[in-house]
Asks: 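Sending over a structure as structure tokens; questions will come in a sec.
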Amino acid sequence: MEVTRRDLLIVLAAVSIVLVILLPSLLIKPGSGQDSVESDIASSLSDDIKERATYLIKDPIHTSELIDEEFWFQDAQEKLKRDRNMRTVNKRAKNVIFFLSDGMGISTQTAARTLKGQRADLVGGEQAKLSFEEFPNVALSRTYCYDYTVADSACSATAYLSGVKANKDTIGVTAAVKYEDCQAQLDKNSEVESLLAWAMDEGKSTGIVTTDSLTGASPAGAYAHTASRDWTNNVDTPEDCEDIAKQLIRNKPGKDFNVIFGGGGKNFTNEKNDLEGRTDGLDLIGEWKENKKTTGKGYAYVTNLTQLKDIKSDDTDYILGIFNDDKFEYNLDLTEEDDQPDLEDMTRKAIEILSKNENGFVLFIEAAHVDKAHHDNLAQKALEEVLRLDEAVTAALEMSDLEETLIIVTADHSHSLTINGYPKRGTDIFGYDDTTDEQLSDDGFYYPTLMYATGPGRKPAGYDVSKEEHLKSKDYVAPATVMRDSSAHQGEDVAVYAVGPQAHLFKGLIQQYYIPHILGYAACIGKGDKFCISS
């Protein structure tokens, strides 16, 4: 019995010595133990994508960070090793997936990333990453219009899809066309073709996906030529000029898109007699169906998520999905009874259908509600929509071979969301820090971390967020400095993230109109220089 106790004591002593030796290194080594959690929540991407670490920046996401110098030193050195091994894909891009997050400025990304980290129980939350923030190539894009310093979604769409600067509120035309100048719109020499039109000329499949109306400024940049973004149907459009909905259904390239997902049904048929809908009795949806019948190929028209999921992609060459009479509902407003697809649902189905083409495809996907929520100073809804974009990009990565698919994520313009004060780490991103006086105004009132420069959230003198009963509500209107019915856009640069063939060309400070030129070069489409020729 005495021998057994002695043996046990020896074993325990040996284990203790091992722990004393190993424990410090376990505590300071990034990516080890509880310090670094690459769980399904904390990590942006699935396991099969992690295996392709040479394509993506796979930095460890630390649940908490240590105070030791060695922790930060090792973390930086290990990142240096990974970054030195990043792969450049110097070949033609068979496919292009273009994600556009309307109104997503850098501050919006930072806040959304922090929200994601806080939901994953990371200490502070700031160390989290959005899926596209793991793309290895980043550039800053200058967004101004030809005639305005701060861009709208129309002139910017013309820039990033057709490669020219245009006037504010115009789409798919040069700056020779002024706002609401119908006669100038009729001049075919003023029209500019989009990236999707270039793709179709080379036999590629094409598609547009949006959570806005299909006639919204961003998706319209893929097919329309108009002197006014507001000429969405016949109501306000001059008789001599064709409205945007008509152009999608009747004209090239829109009528030949393989995938069309979005809202705005009132602009195509107005069955519900919406006061802002068509009044000429046209049934453009019916026209689309009749047109597709003549092709002899499989086609489908869907109006809800259930129908979308039932679509057999192998049997479908063309699909039109109109899921709302206007824009989509915010994700935070959806109930169990709603049958509305989200951005990920539409992204997955679009890629399934377009991937059948051996020549490849070009797909444009817009997360429209980031912008719409910001216009109303609805910070919670805006950041939630960024997280839905995050999921859609993850889905695209899972479905794509990064040796042949170029994926970019960018914004058309920024918004005036600011991250204010000096809240301690761990403070709810939608709240404020009352543990110090750092978020206390000079006149003694607390203010929240997230605020806007302009918008409907202007508060009365003496407003104190600590007394706000609705601060945690999804419908809380964040404070704004200047009263405005709709928050104005911001004019600073926005980020462009890229991964895949020729993604390395996205670097430094670029003009927004340069974006489609890189994409055209990479995919060997359009009238400019092409990798296929240059190489």
Side-chain angles (χ1 to χ4, degrees), residues 57 83 86 88-90 92-93 96-110 130 132-168 171-172 174-175 192-196 198-199 217-218 221-222 362 364-367 371 389 393 402 405-415 489-531 534:
I57 301 173
D83 289 353
M86 291 302 299
T88 296
V89 185
N90 192 32
R92 179 181 69 89
V96 174
I97 302 177
F98 189 139
F99 282 96
L100 189 282
S101 186
D102 201 322
M104 186 183 71
I106 298 295
S107 60
T108 299
Q109 285 180 227
T110 303
L130 301 171
F132 51 89
E133 291 176 331
E134 294 185 321
F135 290 9
N137 303 282
V138 184
L140 288 176
S141 168
R142 294 189 275 192
T143 63
Y144 61 91
C145 301
Y146 181 80
D147 56 347
Y148 278 76
T149 300
V150 178
D152 77 318
S153 293
C155 80
S156 54
T158 305
Y160 62 69
L161 283 174
S162 294
V164 302
K165 287 281 187 185
N167 293 318
K168 182 174 174 290
I171 304 170
T174 69
V192 289
E193 296 301 323
S194 76
L195 178 74
L196 281 75
W198 305 348
S218 302
V362 172
F364 175 75
I365 303 169
E366 182 200 18
D371 172 75
L389 166 71
V393 174
L402 295 179
T405 301
L406 172 58
I407 304 177
I408 73 166
V409 180
T410 188
D412 47 357
H413 54 75
S414 181
H415 259 280
H489 296 166
Q490 292 289 100
E492 70 265 20
D493 305 332
V494 297
V496 187
Y497 297 85
V499 66
Q502 305 305 317
H504 54 277
L505 296 178
F506 287 96
K507 55 188 176 182
L509 177 63
I510 65 173
Q511 288 279 8
Q512 195 169 50
Y513 64 81
Y514 181 50
I515 292 174
H517 291 270
I518 298 178
L519 300 179
Y521 172 82
C524 298
I525 58 178
K527 61 184 179 182
D529 194 12
K530 301 177 181 65
F531 172 78
S534 299

Asks: Atom CZ of residue position F531 - does it have more than 12 heavy atoms of other residues, nucleotides or ligands inside 6.0 Å?
Replies: yes

Asks: Testing the basics here: between L195 and G520, what is the closest heavy-atom pair and its distance to 0.1 Å?
Replies: CD1-N, 4.2 Å

Asks: Which pair of heavy atoms, one from S218 and one from D102, lies closest together, and at what distance?
Replies: OG-OD2, 3.4 Å

Asks: Donor-acceptor pair, distance only, cut-off 3.5 Å: does the side chain of D412 make one with the backbone of G103?
Replies: yes

Asks: Looking at every non-hydrogen atom in both residues, tell me the closest pair between G105 and S414 and how far apart they are.
Replies: CA-OG, 3.4 Å

Asks: Check the side chains of D371 and S153 for a donor-acceptor pair under 3.5 angstrom, ignoring hydrogens and angles.
Replies: no

Asks: Using the side chain to side chain contact (heavy atoms under 4.5 Å, CB included) definition, which of the options V409, V362, I515, I407 pairs with F98?
Replies: I515

Asks: Classify the ring geometry of Y514 against H517: parallel below 30°, tilted from 30° to 60°, perpendicular beyond 60°.
Replies: parallel

Asks: Check C145 against A166 and note the closest heavy-atom contact, atom names and distance.
Replies: CB-O, 3.6 Å

Asks: For Y521, does the OH atom sit with more than 12 other heavy atoms under 6.0 Å from it, leaving out its own atoms?
Replies: yes

Asks: Working to the nearest 0.5 angstrom, can you tell me the gap between T88 OG1 and L505 CG?
Replies: 9.5 Å

Asks: Any donor-acceptor pair under 3.5 Å linking the side chain of N137 with the backbone of K507?
Replies: no

Asks: Backbone N or O of D152 within a donor-acceptor pair of the H413 side chain at under 3.5 Å?
Replies: no

Asks: Using side chain to side chain donor-acceptor pair (under 3.5 Å) as the criterion, point out the one residue from Q511, Q512, K165 that pairs with Y144.
Replies: Q511

Asks: To the nearest 0.5 angstrom, please state how far the OH atom of Y146 sits from the OG1 atom of T158.
Replies: 14.5 Å

Asks: If you look at every heavy atom in L509 and R142, which pair is closest and at what distance?
Replies: CD1-CG, 3.6 Å

Asks: Would you give the length of the straight line joining atom CH2 of W198 to atom OG of S162, rounded to the nearest 0.5 angstrom?
Replies: 7.0 Å

